[in-house]
Structure formats: structure tokens, C-alpha cells
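Written below as C-alpha cells is the structure these notes are about.
Below, chain A is the first sequence line, B the second, and so on; all start at residue 1. Treat the numbers as computed from the prediction; the structure is a model and nothing was measured.
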There are 2 protein chains.
Amino acid sequence: MRHQTTLLYIDAVVRAGSIRRASEMLAITSTALNRRILAIEEELGVPIFERLPRGVRLNGAGELLIHHIRNQLSDMERVRSQIADLTGERRGHVTIACSQALLPYLPQQVAGYRKDHPGVTFGVFLRDRAAAEAALVDYTADLALVFEPIRLAEFQTIMTVRQPVHGVLARAHPLANHQTLRLRECLQYPVALPTRSYGVRHLLETALVDSPIKLNPVVESDSFEFLRLHAVAEGIISFQIPIGLPPEGMTADMVSIPLDARDVPSGLIYMGQLRGRTLPVAAARFADILSKDLEERYGPT
Amino acid sequence: MRHQTTLLYIDAVVRAGSIRRASEMLAITSTALNRRILAIEEELGVPIFERLPRGVRLNGAGELLIHHIRNQLSDMERVRSQIADLTGERRGHVTIACSQALLPYLPQQVAGYRKDHPGVTFGVFLRDRAAAEAALVDYTADLALVFEPIRLAEFQTIMTVRQPVHGVLARAHPLANHQTLRLRECLQYPVALPTRSYGVRHLLETALVDSPIKLNPVVESDSFEFLRLHAVAEGIISFQIPIGLPPEGMTADMVSIPLDARDVPSGLIYMGQLRGRTLPVAAARFADILSKDLEERYGPT
DNA sequence: TTTAACCGCTGCATTTTTTGCAGCGTTTCA
DNA sequence: TGAAACGCTGCAAAAAATGCAGCGGTTAAA
């Protein structure tokens, strides 16, 4: 990477927000880093950073430049991995920004891919919809997996998958032997709900918007795992999408039953990438495999 | 351009075909250049050049790399010009690979664009269809303008325009006062034709493929200008597409009359760029203006 | 078959560039 | 009001790139 140190340095400064902080991460002196920045600015003929009392921030020209730089760094990575392909190895690194609701789905997929390509490493990070898009934009994630997002400008959808909302309840619960659940039935019992920022909650809220019935959760949490465990422990109902359930599916003391589609419409999972970006080969192939698997499991949209 | 000298050097070596020749153009010693190449190869872990007795040639890895490098250099150019836009200037350079038949059309277009943007410079190069595509692929041209090409893999069409074949003849010619020309009529007189590699000739040949009449040119040339001038001088008929006629149109002693569409189908002019490339702003805008002008003159396809 | 012309590549001295240290002036926050 | 960050600069040391001379090999013409 010798021939693009300057690009890496600039990227580091942008991320760190100040030259001195970036210099620490890069293990060089702030002097050297500072002078590289000055050199680039002279080369371009315009400054790319605003100098603030607490550090630096990109100006307009800098925004243009940093996008080019990150694209360039990522593209070089892709070329390296294609070259590695030529010589027989298969390497790479795939980073994924993923909604909490979908997190349990990934481990087996990643494991399956790594079985075929042990040289490929992964980074999986929990991000809400907005943060997932931001991660695509600043190239900290190659792929994003989110549930029911608002439409996002830089987000280019690779595929979507329908997910009905399921009720999650203890096997001992009175409703546990139903084939489907009516929402009204459920709400006659105490329920545990995710917070309003989550897609599942949003679907339930909008389903009830014209109804006199209101959601009155006895437990509210931003952890799906907690909600699931609590539903079983206290014998109440929680709601989740099937992909978010642990791969073992229904355990001995827990069942998951779809809500009737007349009551609550199903939501959409989106897999996507940064608009216009060419993904590294490993990421592109993983996305491919994910697409196929999702379509197999949950059918075409 | 300090931070991408290595990229420029590699590109130069590829174009020159040998390190020593490239070093002369770059005004450095072959030593320095050679060592940069070796450094890059070590960095990548694989050679990118085959060493031949008379120089070097890219291997597979090198092909991947050079494409990335050229894309990267061109993209940086785009960023620079966008930054220049921000600061109020408007600069850039547009290179065009153009079939001979279309060459006379360009000067007024270029002049018109440069009137609005004096900072933008142009390079216009005569290339046949295959060479035009090659120029796009190796980034020596931003845009290509060709007539009736065979389908080309890396060529991404921006727009097309219909062009009927015209007969070009002296005003004194017996057919000069017709509204349209029948091919059979024309061929009763001596004709001057471009060589078989040109689209106009190709259209005429295919029009006669099932006919007993054959083309027997008394003059054959690969210069459209020569054909035009000769048609007038000897008082015979030549064939050309209207866009290739000098902008003054029909001069005092020359007329241009369309062939009847029943005899010879009209051909297509293609304007295109390298598939998947983001053009520099100046090139993109020029392409835009060209599109509009072509559509205005010759109508939608 | 010899010879001259290129080719890529290497050891070594030289030049150029980059880096680190110390320190300046300024702003923010406690 | 003092401590802590910040970006930036002069100067010397360290590192990297460059140029020169020359080696061994291949091609193509004499």
C-alpha cells in the first residue's frame, strides 16, 4: 500500500476529526501528517479542510475528494483480491451493517461461506437503518441488511424479502397451539414490545392506527433477545420476524406463530449496498449467496 | 499529481511497451522507473509484467491493474475539475475518437462549446470503428463517434442518429435536379466509392446483395474529402452521409441528394463511451450538447 | 558467425523527500 | 487564569528516490 499512503492518511484525518488524533492512530508525528495535508492542498490548489479550533473538517472540495479516495481505496482492494484469485488463493474481507432483528440469521451464513473460502474474513456490525446507510457511505460497510427502512438516498437495493410478523410466546401460553394469531386475541394478554424505532413495532402501530385498541406493553426493550427470553420467562407474548429467531427455531419452551395477514401486513427486509459502488469480489459473492438463500427460505418478493 | 506518479509511470510503461522507452518520455532514468515497477510488483506480491527480450508486456494481473489505474487517473481528473467548478473556474479536456465520415461535423460543435467554456481544451482523433473502441478502452478517448459499427463489447451507446445515404454530384450532372435518387439510376453513371471498410460502402453493398447489378467504382478512396472533390471535378457520382458534408452544405458546384429509402436503408451514427465509466464533467456536458444538437438536426432515432 | 542494438536489472554514490523534535500562537474549557 | 488541544514552522536527521556505470541476455542485421 506504499503508493497510496497519502490517501489513507487523508481518510484517517477525516475519520479522526483532527490531525493530531489521526497521527496517533497512524503511528507517525502530527508534523509529518500535517505537511502531507498541506502538500495535497497545494497540489489541488485549494484547501480541503476547514481549520477549526478543535481540529479540522472537510469543506466542499474535501467532500468531493474523500469520496473519490474511499472509492479508490475500496476499488484497489477489489483489484488485489481479483489478482489473488488469479494466483489461486481466495481472500478478502466482507463488512456488513445489520439491523438487530436480522443478526441471528447471519452466523450460519457466514460460517457456510467461510467453510468454502477460509481466507475470507468478516466484520458484522449492529447498526440501525440510518447508521447502516452511513456505514455504506463512508465505506465502513460493504453490505447493509435492514428491516423496513425509510427510503434512503445512497442505498441501492440488491434484494428484498417479505417477512410477516410473528408472535413469540411460551409453549404453555393459552394461544400456543393456534395456527395463526389474530392481533386482537394477542392484545388481550400482556405483551412485550421493542421500542418505537424498530420496524416490527412500527408495523404493529400502523396496523392499529385506526383502531380503538392501543398497545400497552408491560415490558419494552431495545433487545430482541431480551424480549424473546422474557416472553418465555413471564409467559407473555412478544413479536418478532422469523428471520430474527435463533436458527434452532422453536425451542422446547418457545413457539413462534405468524400473525394473521389481515391484521398486520408483512414487512420487507432490504439487502443493499452503496449506490454506484463496485463491491469487492468477496462481498459481491457473499451478497449473491445471501440472496439465493433468502429467496429459498422466504420465497421471492 | 505527486501522489500518483507511480500510477502514471506504470501507464506509461504499458503504452511504451518497454521500461527504457517509457523512461525517455517520462524524462527519468530507466533505473528509477525499473525500480518503481519492481516495488509495485513486490507490494502486490505478483509480477504485473512479462519480461520479453524486446521489452515488457502486461500479464493477467497487470491487465486487471492497468484498468484500475486508468480508471483511477481519469476519476481523479474528474474530481479535480469538479473542484475547479466549485471555485468558479471551468476547465477540462475532452478527447474524441471519430470516424472520418463524421469529422466535418465536429469543428462547429467544438467551437460552440469553447465559446461558452474557453478553459476547456479538445483532442479530436480520426479512428475507425475498432480503433475508436480501443481508444475508449485505454482511456485515450472520452467519447467515440462512429457510423454503423458492428456491435462492440465495451462500447456503451449514449445516443444514435439515423443517416440516409446521399449521392454527391456536380451541379452539372444529369441527375442533379432530382429530389431523390434511385440507386439503379445512379449506377448507370460512373461512381466514386469509399473502400469496403466504410459504413456507406457497406450499406450500398448490402442493398445490392440480391441484385444482378454490381458496384464498379471508377475511383476508390479512403478519403471522403477526395471523393467529394473528385465527384465534382470529373462530374461523376459519389456517396456520403449528410453529416459528413462540409457545414456550408451544397456549394455552388456540388449538390447532395438523398437516395430513395426503398433502395438503400439509412445507417446509424453512434455516440458512445466506455461501458461503466464516469466521464469527466466537461466530456459529459459536451456529449450532452452533441446529443441535443444531433437530435435537433436529424431528429430522434 | 559476428556485431551492434536493446532489453531488464543491480551496486553504489548522490540528491531529494520525508520525518521527528522543539517550539510558537491561538482557542476552548474548567 | 491556567491547562489542554489545535494547526503550523525552522532545522537537523533519517529515509527514499534517482542517476551513473556496468552486467548478462536476446534479437536482428552485417
Side-chain angles (χ1 to χ4, degrees), chain A residues 1-63 65-66 69 72-73 76 83, chain B residues 1-63 65-66 69 72-73 76 83:
Chain A
M1 298 282 198
R2 296 266 332 164
H3 72 279
Q4 47 188 20
T5 44
T6 302
L7 304 187
L8 289 168
Y9 284 6
I10 294 174
D11 186 45
V13 171
V14 174
R15 291 186 194 282
S18 98
I19 295 179
R20 284 182 123 111
R21 261 204 305 279
S23 73
E24 289 174 28
M25 303 189 202
L26 295 171
I28 54 166
T29 27
S30 70
T31 318
L33 187 51
N34 176 39
R35 278 205 262 257
R36 275 201 191 249
I37 303 291
L38 292 175
I40 274 283
E41 292 185 325
E42 178 161 19
E43 199 177 301
L44 289 174
V46 293
I48 58 173
F49 286 109
E50 291 175 60
R51 269 64 172 181
L52 308 174
R54 309 299 286 177
V56 294
R57 187 176 57 200
L58 289 173
N59 62 16
E63 294 285 354
L65 185 66
I66 195 64
I69 286 177
Q72 146 68 6
L73 291 174
M76 186 63 209
I83 288 179
Chain B
M1 298 282 197
R2 296 263 332 167
H3 71 278
Q4 48 187 17
T5 45
T6 302
L7 304 187
L8 290 168
Y9 284 5
I10 295 175
D11 186 45
V13 170
V14 174
R15 292 186 193 282
S18 98
I19 295 179
R20 283 182 123 110
R21 263 204 303 279
S23 72
E24 288 175 26
M25 303 189 201
L26 295 171
I28 55 167
T29 33
S30 69
T31 318
L33 187 50
N34 177 40
R35 277 204 263 257
R36 277 203 191 245
I37 303 290
L38 292 175
I40 273 283
E41 292 186 324
E42 178 162 18
E43 200 177 300
L44 289 174
V46 291
I48 57 173
F49 286 108
E50 291 176 61
R51 270 65 173 180
L52 308 174
R54 308 299 285 176
V56 294
R57 186 176 56 198
L58 289 174
N59 62 16
E63 295 284 353
L65 185 66
I66 195 63
I69 285 177
Q72 146 67 6
L73 290 174
M76 187 63 210
I83 288 178

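Atoms CD (B:Glu50) and P (C:dC9) sit 13 Å apart, rounded to a whole Å. As rounded to whole Å, 13 Å separates atom P of D:dT26 from atom CG of B:Leu52. Counting to the nearest Å, the C1' atom of C:dT18 and the NE2 atom of A:His3 are 19 Å from each other. Atom CZ of B:Arg57 is separated from atom P of C:dC7 by 16 Å (rounded to the nearest Å). Distance CD (B:Glu42) to P (D:dA16): 13 Å, rounded to an integer number of Å. Between A:Arg2 atom CZ and D:dA15 atom P there is a gap of 12 Å when expressed in whole angstrom units. Rounded to whole Å, the distance from CD1 on B:Ile40 to P on C:dC9 is 14 Å. Atom CG of B:Asn34 is separated from atom P of C:dG11 by 12 Å (rounded to the nearest Å).
Open room surrounds CD on A:Glu42; 12 or fewer heavy atoms of other groups in view lie less than 6.0 Å from it.
Side chain of A:Glu41 to backbone of A:Phe49: a donor-acceptor contact under 3.5 angstrom is found. Counting only distance, with no hydrogens or angles, the side chain of B:Asn59 and the backbone of B:Pro47 share a donor-acceptor pair below 3.5 Å.
Considering all non-hydrogen atoms of both residues, B:Glu50 and B:Leu58 come closest at OE2-O, 3.7 Å. Minimum heavy-atom separation, A:Leu33 to A:Ser23: CD2-N, 3.5 Å. The two atoms that bring A:Ser18 and A:Arg54 nearest to each other are CB-O, 4.1 Å, heavy atoms only.
The residue A:Leu38 sits close only to the backbone: its heavy atoms come under 4.0 Å of sugar-phosphate atoms, none of a base.
Closest approach to the A:Ser18 side chain among D:dC8, D:dA17, D:dC6 is made by D:dC6 (side chain taken as heavy atoms from C-beta onward).
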Q: Go along nucleotides 19-30 of chain C 5' to 3' and tag each nucleotide: B for a protein heavy atom under 4.0 Å from its base, S when only backbone or sugar atoms are that close, - otherwise.
A: BBBB----SS--

